[in-house]
There are 2 protein chains.
Amino acid sequence: MPRARTLRADAARNRAKILEAANDLIVEHGPDVPMESIAAAAGVAVGTLYRHYPTKRALVGAVIESHFTHMADEAEAAEARIAAGERATDALRSLAYRIMDGAAHNQAVKAAARSMGADDALHHGSELQRGIDVLARIIAAAKADGGLRADLTVEDLLLFFKTVPVDAAPAVRARWCELMLDGFSAGRP
Amino acid sequence: MPRARTLRADAARNRAKILEAANDLIVEHGPDVPMESIAAAAGVAVGTLYRHYPTKRALVGAVIESHFTHMADEAEAAEARIAAGERATDALRSLAYRIMDGAAHNQAVKAAARSMGADDALHHGSELQRGIDVLARIIAAAKADGGLRADLTVEDLLLFFKTVPVDAAPAVRARWCELMLDGFSAGRP
DNA sequence: CGATAAGGTGAATCATGATTCATGATTATA
DNA sequence: TATAATCATGAATCATGATTCACCTTATCG
């Protein structure tokens, strides 16, 4: 998705560095990282931030979107493994674990978004939708092989990702994931 | 728990109004409600806030503590019902639903705490501990009557309360609770 | 190699919000 | 009721952080 037309080489480089720095700092220091800090971390001046992203909200939105991209890719990879013969339920399970860390990060960024204005008004572009679509197919497949409770929906999965304990230690997070997935599995209604 | 000595009547009244206003506003408008707003909602001037709570953090801490008190009370009530003959597993289940809304609120306030400095350094006084102790006894009882997976711990429950989807609609929250509790029940390991 | 438009810089501006403090009420006693 | 503590008030102070803009740099292309 190139801009109007070719972006100058250095500009493209800076844009990437900014996005990365924004992600890192927001994840690590929470919603209130100053734009100045992000600029410093990216090795540019504030003005440059604003050339690429007109407001802080826009920057945060871009970071979120990049997470959705990552998650959607992860989901597609899982789907590919299913196509290659892996049991859908197992693929979903490992996908959940894989996405978890990404989701944890995403939540941190979402918090940033919330602490500003419209939290959900932020893009929610096609990337999220792409991920949701894939997820729906995987869920259907997992139900078909009998590993998932029949009433589980994509929304449930999304809720799962939404409630990932962001600040918990990895071990705690894994335990949480285990409990949650057990609630998802067939056996109960 | 009286202060140094008797608090002037009007002062006590204000103190209560402030705590209530702080709770309401933080829950509704998020971590960044200005002290001015809280003061206005409580019907006092900012200076009065500061007479009762030396910093914003202190105020938020007090609000959190009051939530812990509420939750601990709720847990004790559940324990009483068990003593009165209710099945422990059922009591735990309904307790979870009961605490959920309170926890949702509490999370909002915790977010406020986090957005400032030390999030866990805030009190965590005896009220939290009281609740934890009761919870532990209820869990033991529920395991005894065979309704709970054997490896469930108090920490798991705490994690559950910690991850309540704060901003979700009540129906969504209920669904989430159902899924989670199914993960807690006996049947899986 | 220039010319030039695209890109970068960072001090200055502007807004918001926590916290303080000199001054004016109220409540609780003697 | 008179007086001393206690409280309450809110404008002023101070700090922080987003955003802008007039002025330099440099990539790109003939």
So does B:T48 get a side-chain nitrogen or oxygen closer than 4.0 Å to the phosphate oxygens (OP1/OP2) of D:dC7? no
With respect to the phosphate group of C:dG8, does any side-chain polar atom (N or O) of A:N14 fall under 4.0 Å of OP1 or OP2? yes
From CG of A:D32 across to C1' of D:dG17 the rounded distance in Å is 10 Å
Flag the pair B:E155 / B:L159 as yes when at least one side-chain heavy-atom distance between them is below 4.5 Å, and no otherwise. no
Assign each of B:P54 and A:G43 the nucleotide of DNA chain C bearing its closest heavy atom; nearer the 5' end lies the nucleotide of A:G43
Base, sugar-phosphate alone, or nothing: which one does A:V46 contact when heavy atoms must sit under 4.0 Å apart? base
Between B:R173 (side chain) and B:V164 (backbone), is there a donor-acceptor pair under 3.5 Å? no
Go along nucleotides 25-30 of chain C 5' to 3' and tag each nucleotide: B for a protein heavy atom under 4.0 Å from its base, S when only backbone or sugar atoms are that close, - otherwise. -BSS--
Taking 4.0 angstrom as the limit, do B:R93 and B:D182 come out as a salt bridge? yes
To the nearest angstrom, how far is A:Y53 atom OH from C:dG8 atom P? 12 Å
Tell me, yes or no, whether the heavy-atom count around B:R175 atom CZ, taken from other residues, nucleotides or ligands under 6.0 Å, exceeds 12. yes
Does B:H52 place a side-chain N or O at less than 4.0 Å from the phosphate oxygens OP1/OP2 of D:dA8? yes
Where the side chain of A:A45 is defined as all heavy atoms beyond and including C-beta, which of D:dA8, C:dT9, C:dG17 is the nearest nucleotide? C:dT9
Length of the line joining B:Y50:OH and C:dT20:P, which is rounded to integer Å: 7 Å
Rounded to the nearest angstrom, tell me the gap between atom CG in B:L49 and atom P in C:dG17. 15 Å
Spacing between A:R51 atom CZ and D:dT26 atom P, to the nearest angstrom: 15 Å
Would you say that more than 12 heavy atoms from the other residues, nucleotides or ligands in this model lie under 6.0 Å from the CZ of B:R130, or not? yes
From NZ of A:K56 over to P of D:dG17, roughly how many Å is that when rounded to an integer? 9 Å
Taking the side chain of B:A11 as heavy atoms from C-beta outward, which of D:dA8, D:dT19, C:dT19 is closest to it? D:dA8
What are the two closest non-hydrogen atoms of B:V46 and B:A39, and how far apart are they? N-CB, 3.8 Å
For the residue pair B:F160 and B:W176, does the interplanar ring angle fall in the parallel (under 30°), tilted (30 to 60°) or perpendicular (over 60°) class? parallel
Roughly, in whole Å, what's the span from CD in B:E36 to C1' in D:dA11? 10 Å
B:M35 CE to D:dA11 P, in whole Å, measures 18 Å
